[in-house]
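See structure below.
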Protein chains: 2
Amino acid sequence: MKFTKATNYALHTMLKLFEASPVKPIGVQELAEMQGVSPTYLSKILTRLVKTGMIESVSGVNGGYRLSRKKEDMTFLDIIHAIEGTASLFECDFFHGDECSIQAVMKEAEEKMESHLKNTKLTDLALKQSQA
Amino acid sequence: MKFTKATNYALHTMLKLFEASPVKPIGVQELAEMQGVSPTYLSKILTRLVKTGMIESVSGVNGGYRLSRKKEDMTFLDIIHAIEGTASLFECDFFHGDECSIQAVMKEAEEKMESHLKNTKLTDLALKQSQA
DNA sequence: TCATTCAAAGATATCTTATGTCTATAATAT
DNA sequence: ATATTATAGACATAAGATATCTTTGAATGA
Ligand code: SF4
Ligand code: SF4
């Protein structure tokens, strides 16, 4: 029960892209070096972000990744869901009726976490850093 | 990023023990059958609950497990921590200074979830079921 | 005392997931 | 054309989850 390293990579990359130029893409080479991870692996992770429309990829010379221009309001939850999937943290093999109270408690707890992640956007983070 | 099955087993066992007699222990055989899991494996899980003092084990004939009498206020978080450990869900290989905003957001989110799990006790759950 | 019934603990096995690497392919700028 | 870059898929390795088996030790009750 831990967040994946892939999520960590995704978050750091997103923050970097957010702070960088919105037009000139950054190569995966640079992004990977920054985080001490192999470019091919990071690329694999970023592809998932591309598929969910959070970032854009540019092939060819001077290519790389940049934020998707359409979405200014990307939340932590968006990023995490793109990497970890959207399945519930507490899945039962069998579902034993509607009024299962154990499941109810667990899902409520999960929702508390998700709610906070949904309410925190990359923008908030950048703001926080400029204050410090 | 999912809760372990062991956590599921632990929660169900705790609820069962909570509803059962506080003196007469229930054998792991019965508890395991109830959940469709092997007795030896469940035993291994329950041992962790014993070590944290949440339940008591009784060896010998008519032995088994029963709730610890000392703790009437066991929370979901207690149980989960006993099984999954208490480490943060978002661990970085290296810690990059105090004012890391990414980590701050993640830990805050985690705390929201933990807070809810800490505020929900087995008692609450039993109450809920008697109402239904 | 002694056999029976249990949990505890350790060694081992299997399966799944995470974490990558390698190679081939497609797209793009110069 | 050629160099550069992302994409995709196959493959490899390591770690963790999920057990099983066997031995040990504790408690009971006959
Ligand atoms: S938590 Fe509820 S639905 Fe899930 S296995 Fe337990 S009883 Fe069934
Ligand atoms: S989240 Fe913060 S502490 Fe963790 S790796 Fe990133 S910068 Fe470092």
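Just so it is clear, the structure is predicted and the values come from calculations on it, not from any experiment. Residue numbers start from 1 in every chain, and the chains themselves are labelled A, B, ... in the order their sequence lines are given, proteins ahead of strands.
- Interface limits on DNA chain D: the 5'-most and 3'-most nucleotides within less than 4.0 Å of chain A heavy atoms are dA3(D) to dA17(D).
- We find the CE-CZ distance between M106(B) and F3(A) to be 4.0 Å, quoted to the nearest 0.5 Å.
- Note that the OG1 atom of T75(B) and the CD1 atom of I80(B) stand 8.0 Å from one another [nearest 0.5 Å].
- Exactly one of E108(A), K112(A), E111(A) qualifies for a side-chain hydrogen bond (donor to acceptor under 3.5 Å, both in side chains) with H116(B). That residue is E108(A).
- Remark: S59(B) is not in phosphate contact with dA8(C), judged by side-chain N or O atoms under 4.0 Å from OP1 or OP2.
- Rounding to the nearest 0.5 Å places CG of L67(A) at 10.5 Å from CD of E19(A).
- Looking only at side-chain heavy atoms (C-beta outward), V37(A) and K5(A) stay at 4.5 Å or farther from each other.
- How far CG of L46(B) is from CD1 of I26(B): 11.0 Å, rounded to the nearest 0.5 Å.
- Using a 4.5 Å heavy-atom threshold, the side chains of T52(B) and D78(B) count as separate.
- Looking at residues 20-30 of chain B, you'll see G27(B), V28(B) sit with a heavy atom under 4.0 Å from some atom of DNA chain C.
- A 4.5 Å side-chain heavy-atom check between L15(B) and L11(B) finds every atom pair outside the cut-off.
- The list of salt bridge (charged side-chain N to carboxylate O under 4.0 Å, His left out) pairs with a residue in residues 42-51 of chain B, not counting sequence neighbours, is empty.
- Every residue meeting the salt bridge (Lys or Arg N to Asp or Glu O under 4.0 Å) condition with E56(B), not counting sequence neighbours, appears here in chain and number order: R66(B), R69(B).
- A distance of 7.0 Å separates CE of M74(A) from CD1 of I79(A), quoted to the nearest 0.5 Å.
- Contacts between residues 34-51 of chain A and DNA chain C, defined by a heavy-atom separation under 4.0 Å, are made by S38(A), T40(A), Y41(A), K44(A).
- F3(A) comes within 4.0 angstrom of nothing in the nucleic acid, heavy atoms only.
- Against DNA chain D, the stretch residues 79-91 of chain B makes no heavy-atom approach under 4.0 Å.
- Among the atoms of the strands shown, base atoms are found under 4.0 Å from some heavy atom of G60(A).
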